[in-house]
Amino acid sequence: MSCLFVRHAARASLLAAGCALACTVARPSAADAQSRLPATSVSTEALTLPATPASEENAASPSTEQVTVNGTRHHMSPNPDTANLFRHSLGYSAYSAGGVSSLPVLNGMADERVATFVDGMRIPSACPNHMNPAMSYIDPDAVSSAVAIAGITSVSQGGDSTGGTLEVNRKDPIFSSTSKLLVTGHVRGDYRSNGGGSGASGSLTTANDWLSLRYTGSYSHASDYHTGGNGKRVLSTSYLSFNHTVTLGVKKENHLLALTVGQQDIPYEGFPNQYMDMTNNRSTFVNGKYKGDFNWGTLEARGFWQRVDHAMNMLADKGGHTATTGMPMNTDTRTAGYSIKATIPLGRKHILGLGSSFDHNGLNDWWPPLSGSMMMGPDTFHNINQGHRDRLGHYIEWKAQWLPRLSTELGLRNDLVMMNTGPVAPYSWTGMMSMADAMAARRFNAASRGRTDTNFDVTALARWTPLDSLTLEGGYARKSRAPGLYERYSWGEGAMSTTMIGWFGDGNGYVGNLNLKSEIANTLSTTLTWHDPVNDAWELKVQPYYTYTHNYINVVRIGALSNGLSKLQFVNHNARSYGINSSGFVRLWKSPAFGTGELKANLNWVRGQDLVNHSGLYHQMPANGSISLHETYENWTGHVEVTLVKAKSSVDWLRNEPRTPGYALMGLGGSYRWRMLTLDASIENLLNQKYYLPLGGLSLGDYRATGVLSPLAGLGRSFNLSLSATF
């Protein structure tokens with residue numbers, strides 16, 4: 001079960017679908033209470049966990065105020081991809097990759113343009129196809145809160161991004177209210193009929209009033225799924241994933257220290273819109289967090305380290321691999337960093353925020369030779385050799401409450417991004433089949449490869465509440481993003497080597513560019529929120545925005561591939577995008593006899609254009625939305641949802657982006673809670689409609705088997721079942 005939180009300056013409300021309850025939570029700190037453009041936060045912590053230990057951590061601070069939040073239960077999605085938690089957030093969409101590795105899009109800005117934090121860790125993809133994005137490293141059941149902020153973000157919420165911020169956090173340690181030992185936890189299992197998917201997760205916590213120890217584990221698996229309509233199997237969509245974490249927490253008065261150690265194993269994951277699959281991904285990480293309240297304010301500090309060993313090749317759907325077949329590609333990366341945030345009240349109406357952060361990403365990407373192959377041998381192909389990308393950032397932020405109904409925020413940020421890489425090598429310096437790569441390697445090695453980007457961000461926001469029922473929020477942001485390692489240092493120019501680079505699912509080949517400049521996005525956005533100030537019985541939110549990006553990293557065509565697709569190189573162009581996001585709900589009825597019924601809806605539209613080649617920007621979701629009816633009666637909940645997506649007609653013709661027809665999907669779901677057990681059941685794509693994913697790219701797994709290039713088809717009808725228990 002999960003809850004959907006929408007937080008405002010002087011009140012908190014909990015919106016979702018399910019049976020009503022009342023819980024006690026700490027009032028947000030003064031820093032959080034200051035106005036900003038609205039964020040959507042999805043909390044997935046089970047509400048049936050004992051409330052006393054969870055609140056005990058906050059009770060340590062004598063200045064903490066307590067407020068009562070009225071909420072409702074929300075069914076838990078069986079989807080194993082953590083990115084799915086954001087699917088109803090303003091401006092959010094995702095483009096397809098592996099079963100647990102979809103990539104986020106905020107207001108039409110995708111992947112590395114979105115600052116994604118997992119427990120404060122800024123984790124870059126360690127793969128030339130971005131098969132291991134940040135949110136693939138955490139299971140949805142381990143998430144405590146997930147916040148999506150599209151467009152304008154505070155400088156304290158991350159730099160080196162232009163599209164927005166996603167923050168995913170694990171559950172904080174919980175403690176006993178007394179010195180007696182507390183033992184609590186939960187277990188969960190689920191099944192999905194389409195693809196035979198299954199999963200299990202659980203956690204166990206033992207704690208007293210100052211020490212807490214928690215273990216969390218999860219497993220998820222699925223075979224290839226089938227489309228709607230004719231039920232055709234979509235190749236390369238299977239996966240297997242394991243996650244294990246241990247968290248140690250220590251609490252003393254107003255101070256909390258937490259240390260989390262974890263490991264993830266993904267033995268295999270198919271990618272239907274890539275030439276390759278992931279044949280192994282092992283991640284080991286250590287993450288430490290400190291939070292403390294002092295007389296002068298609050299301090300939060302984090303430090304982390306992660307190692308990823310990643311391998312790509314071809315799974316059985318794409319022909320498999322042996323010692324003499326396939327194409328081995330290996331990646332090894334180390335990520336380390338820290339962040340420090342201080343919040344200092346300056347009187348009753350002003351708050352100063354200060355912060356510093358550093359991220360180091362070291363990357364080795366090499367492709368071992370294939371025995372007996374003239375094309376992939378006799379030497380090792382060094383794609384990125386001892387590459388590194390280091391980012392040092394600092395910010396200052398001023399929040400002010402000028403009048404009871406008027407507040408502002410002003411922030412400045414500087415990020416210094418330093419990059420370099422060592423000399424590279426093709427499979428062969430002399431072979432005819434490696435000639436293009438050999439010439440490109442010589443040019444790359446002879447060039448000066450060190451680069452330093454100095455980026456400045458500015459955020460200015462204002463929030464005005466002219467009426468109790470009406471809130472107007474608006475602002476301007478200048479956001480910057482330096483190129484990634486693969487955008488700048490992918491040097492191969494041969495047909496095969498270029499097609500191994502690309503995280504877009506479009507089948508094209510990509511070449512990096514040492515001369516890329518940082519993107520600078522200028523965004524104007526405003527949000528109107530009209531709501532029932534007395535009973536929270538209805539709300540309407542509308543958010544238009546406009547972004548002009550200098551040096552947007554796009555592509556130019558430099559050649560053709562044998563399958564009719566293109567060889568492309570990254571370049572800087574100017575671009576613009578604009579759109580409107582909206583959401584709303586209304587309570588239809590509420591009575592002891594009939595329970596509570598609510599109607600919810602959302603609608604998002606974005607349009608982006610490259611101002612040099614006048615094509616549409618890639619991965620722009622067409623107009624889309626959903627409308628759903630939710631019913632709660634005692635321990636029962638239920639919902640009916642219709643998802644509507646317009647035909648995709650605005651495309652990036654330079655990348656041969658496919659047009660897709662519009663579609664409508666219906667889903668049903670419900671849950672029943674009995675004591676410590678909760679049963680969730682749902683049917684996705686009830687009418688078994690066949691449809692194509694607008695951001696799914698090309699179905700390259702099917703292309704290898706059939707020789708026909710087509711858009712990636714979506715999931716057909718699926719019966720889903722989940723049972724969870726807490727103790």
Side-chain angles (χ1 to χ4, degrees), residues 40 83-84 86-97 102-111 114 148 150-151 163-164 227-229 234 273 504-506 525 540-547 575-585 599-610 614-629 640-667 684-699 709-717:
T40 301
N84 189 62
F86 297 99
R87 68 188 188 95
H88 286 141
S89 301
L90 288 178
Y92 179 82
S93 56
Y95 68 89
S96 303
S102 62
L103 293 158
V105 184
L106 284 175
N107 286 353
M109 300 283 194
D111 196 12
V114 178
T227 68
V234 179
N273 53 9
F504 309 100
D506 58 7
S525 178
L540 176 65
K541 185 174 293 185
V542 181
Q543 184 186 72
Y545 59 89
Y546 176 87
T547 298
R576 66 181 177 193
S577 58
Y578 47 90
I580 187 167
N581 306 317
S582 60
S583 67
F585 81 93
L599 188 67
K600 300 182 180 182
N602 65 77
L603 178 65
N604 301 301
W605 174 79
V606 62
R607 179 65 56 86
Q609 184 182 32
D610 186 306
H614 303 291
S615 69
L617 297 182
Y618 195 61
H619 279 144
Q620 303 280 290
M621 188 71 178
N624 66 95
S626 67
I627 184 168
S628 57
L629 177 65
V640 180
E641 182 176 67
V642 176
T643 300
L644 303 167
V645 178
K646 187 178 180 294
K648 183 172 177 60
S649 56
S650 177
V651 298
D652 185 346
W653 53 266
L654 203 62
R655 303 189 201 221
N656 305 290
E657 186 177 12
R659 291 177 167 84
T660 56
Y663 58 88
L665 304 176
M666 177 177 284
E684 293 182 70
N685 194 358
L686 176 67
L687 303 179
N688 203 32
Q689 295 289 315
K690 184 174 183 179
Y691 64 102
Y692 294 98
L693 297 167
L695 305 188
L698 296 175
S699 187
L709 271 175
S710 66
L712 180 62
L715 184 79
R717 183 188 296 119

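Basis for what follows: all heavy atoms, side chains included, without hydrogens, waters or symmetry-related copies. In this text the structure is predicted, and so the values were computed from the model without any measurement. Positions are given from 1, in the same order as the sequence printed here.
No donor-acceptor pair under 3.5 Å is formed between the side chain of K690 and the backbone N or O of G716. Between the side chain of N604 and the main chain of G91, a donor-acceptor pair closer than 3.5 Å is present. In this structure a side-chain-to-backbone donor-acceptor pair under 3.5 Å is present from R717 to L686. In terms of modelled atom types and a separation under 3.5 Å, the side chain of R659 and the main chain of S649 share a donor-acceptor contact. Side-chain N or O atoms of Q620 include one that pairs as donor or acceptor with a backbone N or O of G108 at under 3.5 Å.
The distance from atom OG of S577 to atom OH of Y546, rounded to the nearest 0.5 Å, is 8.5 Å. Between atom CG of residue L617 and atom CG of residue L654 there is a gap of 11.5 Å, rounded to the nearest 0.5 Å. If you take NZ on K646 and OG1 on T660, they are separated by 10.0 Å, rounding to the nearest 0.5 Å. A distance of 13.0 Å separates OG of S93 from CZ of F86, quoted to the nearest 0.5 Å.
Residue N602 is tested with S626, S583, S628 for a side-chain hydrogen bond (donor to acceptor under 3.5 Å, both in side chains); the sole match is S626.
Between W605 and Y545, the closest heavy-atom pair is O-OH, 3.7 Å. The two atoms that bring E657 and P694 nearest to each other are OE2-O, 4.4 Å, heavy atoms only. Contact record, M621 with V606: O-CG1, 3.5 Å, taken as the closest heavy-atom pair. For F504 against Y618, the heavy-atom pair with the smallest separation is O-OH, 3.2 Å. A pairwise comparison of heavy atoms in S96 and L693 identifies OG-CD1, 3.2 Å as the closest pair. When all heavy atoms of L90 and A150 are compared, the closest pair comes out as O-CB, 3.7 Å.
Contact of the Y92 side chain with the P104 side chain is registered, since non-hydrogen atoms from C-beta on lie closer than 4.5 Å. Residues Q543 and S582 are not in side-chain contact: their nearest non-hydrogen atoms beyond the backbone lie 4.5 Å or more apart. When side chains are defined from C-beta on, L644 does not count as touching N624, because their heavy atoms never get closer than 4.5 Å. Looking only at side-chain heavy atoms (C-beta outward), M666 and E641 stay at 4.5 Å or farther from each other. The shortest distance between side-chain heavy atoms of T547 and M109 falls below 4.5 Å. Contact check for T643 versus Y691: no side-chain heavy atoms found under the 4.5 Å cut-off. Side-chain contact between V645 and P622: present, with at least one pair of heavy atoms (C-beta onward) separated by less than 4.5 Å. The closest side-chain heavy-atom distance from L698 to N273 is not below 4.5 Å.
Applying the side chain to side chain donor-acceptor pair (under 3.5 Å) test to D506 and every residue at least two apart in sequence or in another chain returns N508, Y510. A search for side-chain contact (heavy atoms from CB on, under 4.5 Å) contacts involving D111 returns Y95, L103, H130, W503, not counting sequence neighbours. Residues satisfying the salt bridge (Lys or Arg N to Asp or Glu O under 4.0 Å) criterion with E684, sequence neighbours excluded, are absent altogether.
In the model, N107 has a side-chain atom that pairs as donor or acceptor with a side-chain atom of N581 under 3.5 Å. Judged purely by distance below 3.5 Å, without hydrogens or angles, the side chains of S615 and D610 never pair a donor atom with an acceptor atom.
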Run the side-chain contact (heavy atoms from CB on, under 4.5 Å) test on L712 and V234 for me, step by step, so that the C-alpha distance in whole Å, both residues' side-chain angles and the decisive distance to 0.1 Å come before the verdict. CA-CA 8 Å; L712 180 62; V234 179; 3.8 Å; yes
